Amino acid sequence: MYDLQNLKGSLIVSCQALEDEPLHSSHIMSKMALAASQGGAKGIRANTVKDIKAIKKEVDLPIIGIIKRDFEDSGVYITPTMEEVDALVGEGMEIVALDATKITRPEGSHFVDFFARVKEKYPEQIFMADVSTVEEGIEAEKAGVNIVATTLVGYTEHSEGDTPLETLQKMVEVISVPVIAEGNMDTPEKAAKALELGAYAVVVGSAITRPQLITEKFVKAL
Ligand SMILES: CC(=O)N[C@H](C=O)[C@@H](O)[C@H](O)[C@H](O)COP(=O)(O)O
């Protein structure tokens, strides 16, 4: 099992570009990961087996692997089914992240039941729960995840308007496993604040790896 201590207090950079994004390319994501590594990141978060394979060739950093997949019958898209979990464990991910919200998963399953099957199949794997509320974090810890992350705060209907830093602050009071700050950590100050509030580590994506959004911020400011 991967030693999480290696990530304590560190920056993890999410290198993701979906099909509809300008940098959609495993090669480009691997170079983003290389840049992140040169800048001092201690881990990478990546989407799809293809990107992960390319990134592994470029950097020797632990990877939080996810597979985003859309389903018509569910709003859960981050590692929604066993098929994605199988693929990520098969790639030797140090950490596998998955949606752990209360939203109904594809084929009507729910996180707790789904994760019981996952954990039984892969007892040695480290799992990170992407949640949107404190309650979901508590449930995920009870279900046996190794890490809880604020990834989906503000992205579910029932967390609309909530901010990751506020939710993080409440989570660290009641959750014993490491809590990672992820989602809209878009300035170095916010990332530092997250650690100050008790986050175990911080994941930053768009503010480093989505130049179209970085550009937009500058354009707006002018
Ligand atoms: C909500 C959702 O689908 N989040 C995704 C999760 O993997 C990614 O698109 C984000 O880029 C990542 O969480 C990092 O967050 P930010 O890019 O805000 O720093």
Side-chain angles (χ1 to χ4, degrees), residues 7 10-25 28-29 32-33 35-36 39 41-52 55 62-71 74-80 84-85 87-88 93-103 105 127-133 136-137 140 145 147-168 171 179-195 199-217:
L7 289 174
S10 71
L11 174 70
I12 298 160
V13 174
S14 168
C15 301
Q16 299 184 44
L18 296 176
E19 271 168 37
D20 60 348
E21 293 190 70
L23 298 195
H24 179 67
S25 143
I28 294 173
M29 287 305 110
M32 281 287 182
K42 293 286 183 282
I44 301 294
R45 175 163 164 131
N47 171 37
T48 75
V49 166
K50 202 170 163 224
D51 283 12
I52 287 165
I55 288 169
I63 301 181
I64 300 173
I66 62 168
I67 295 178
K68 286 181 174 170
R69 183 174 169 199
D70 291 321
F71 281 84
S74 168
V76 172
Y77 60 89
I78 300 178
T79 320
E84 290 79 50
V85 175
L88 292 165
M93 294 296 82
E94 281 76 10
I95 300 168
V96 169
L98 72 172
D99 180 309
T101 65
K102 63 181 185 182
I103 301 173
R105 306 184 89 83
F127 290 99
M128 167 162 149
D130 290 330
V131 301
S132 70
T133 64
E136 288 167 352
V145 303
I147 304 166
V148 169
T150 58
T151 316
L152 294 169
V153 173
Y155 290 101
T156 57
E157 250 177 56
H158 55 277
S159 69
E160 221 182 292
D162 294 356
T163 70
L165 282 180
E166 280 168 5
T167 304
L168 168 81
M171 278 179 174
V179 178
I180 288 186
E182 171 166 351
N184 293 300
M185 294 291 127
D186 55 1
T187 63
E189 291 72 26
K190 272 193 207 170
K193 183 77 189 164
L195 285 190
Y200 195 82
V202 183
V203 176
V204 176
S206 308
I208 297 175
T209 59
R210 287 197 167 106
Q212 73 276 25
L213 298 183
I214 303 167
T215 306
E216 214 175 273
K217 272 196 180 171

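First listed ligand is number 1; within each ligand, the first listed atom is number 1. Not measured: the values here are computed from a predicted model. Heavy atoms only: backbone and side chains are in, while hydrogens, waters and symmetry mates are out.
- Distances from atom 6 (C) of ligand 1 to the heavy atoms of R45, M185, E21 show the closest one on R45.
- Atom 11 (O) of ligand 1 has its closest protein heavy atom at R210 NH1, 2.8 Å.
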If you apply the rule side-chain contact (heavy atoms from CB on, under 4.5 Å), what do you find for N184 with Y155, and how did you get there?
CA-CA 11 Å; N184 293 300; Y155 290 101; 3.4 Å; yes
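- Contact of the T167 side chain with the V131 side chain is not registered, since no non-hydrogen atoms from C-beta on lie closer than 4.5 Å.
- Here CG of N47 is found 6.0 Å from CG of L18. Values are rounded to the nearest 0.5 Å.
- The ligand atoms of ligand 1 that sit less than 4.0 angstrom from a heavy atom of T151 are 6 (C), 13 (O).
- Rounded to the nearest 0.5 angstrom, E182 CD and D130 CG are separated by 5.5 Å.
- The distance from ligand 1 to the heavy atoms of Q16 drops below 4.0 Å at these ligand atoms: 6 (C), 7 (O), 8 (C).
- Put simply, CD1 on I44 and OG on S14 are 9.0 Å apart, with the number rounded to the nearest 0.5 Å.
- The shortest N or O to N or O distance between G205 and ligand 1 is below 3.5 Å.
- Between H24 and M29, every side-chain heavy-atom pair lies at or beyond the 4.5 Å cut-off.
- E182 OE2, 3.6 Å is the protein heavy atom nearest to atom 14 (C) of ligand 1.
- If you number the atoms of ligand 1 from 1 as listed, the ones under 4.0 Å from a heavy atom of G183 come out as 15 (O), 18 (O).
- With values rounded to the nearest 0.5 angstrom, M185 atom CE is found 10.0 Å from T151 atom OG1.
- Put simply, CE on M128 and OG1 on T79 are 10.0 Å apart, with the number rounded to the nearest 0.5 Å.
- The atoms of ligand 1 that sit less than 4.0 Å from any heavy atom of Y77 are 1 (C), 2 (C), 3 (O).
- The closest side-chain heavy-atom distance from K190 to T163 is not below 4.5 Å.
- Summarising the contacts of atom 17 (O) of ligand 1 with P164, S206, S14, the nearest heavy atom is found in S206.
- Ligand 1 places these atoms under 4.0 Å from at least one heavy atom of Y155: 1 (C).
- Proximity of I66 to ligand 1, defined as any heavy-atom pair under 4.0 Å, is confined to the side chain (atoms from C-beta onward).
- Looking only at heavy atoms of the protein, atom 8 (C) of ligand 1 is closest to K68 NZ, 3.4 Å.
- Heavy-atom proximity to N184, at under 4.0 Å, picks out these atoms of ligand 1: 16 (P), 18 (O), 19 (O).
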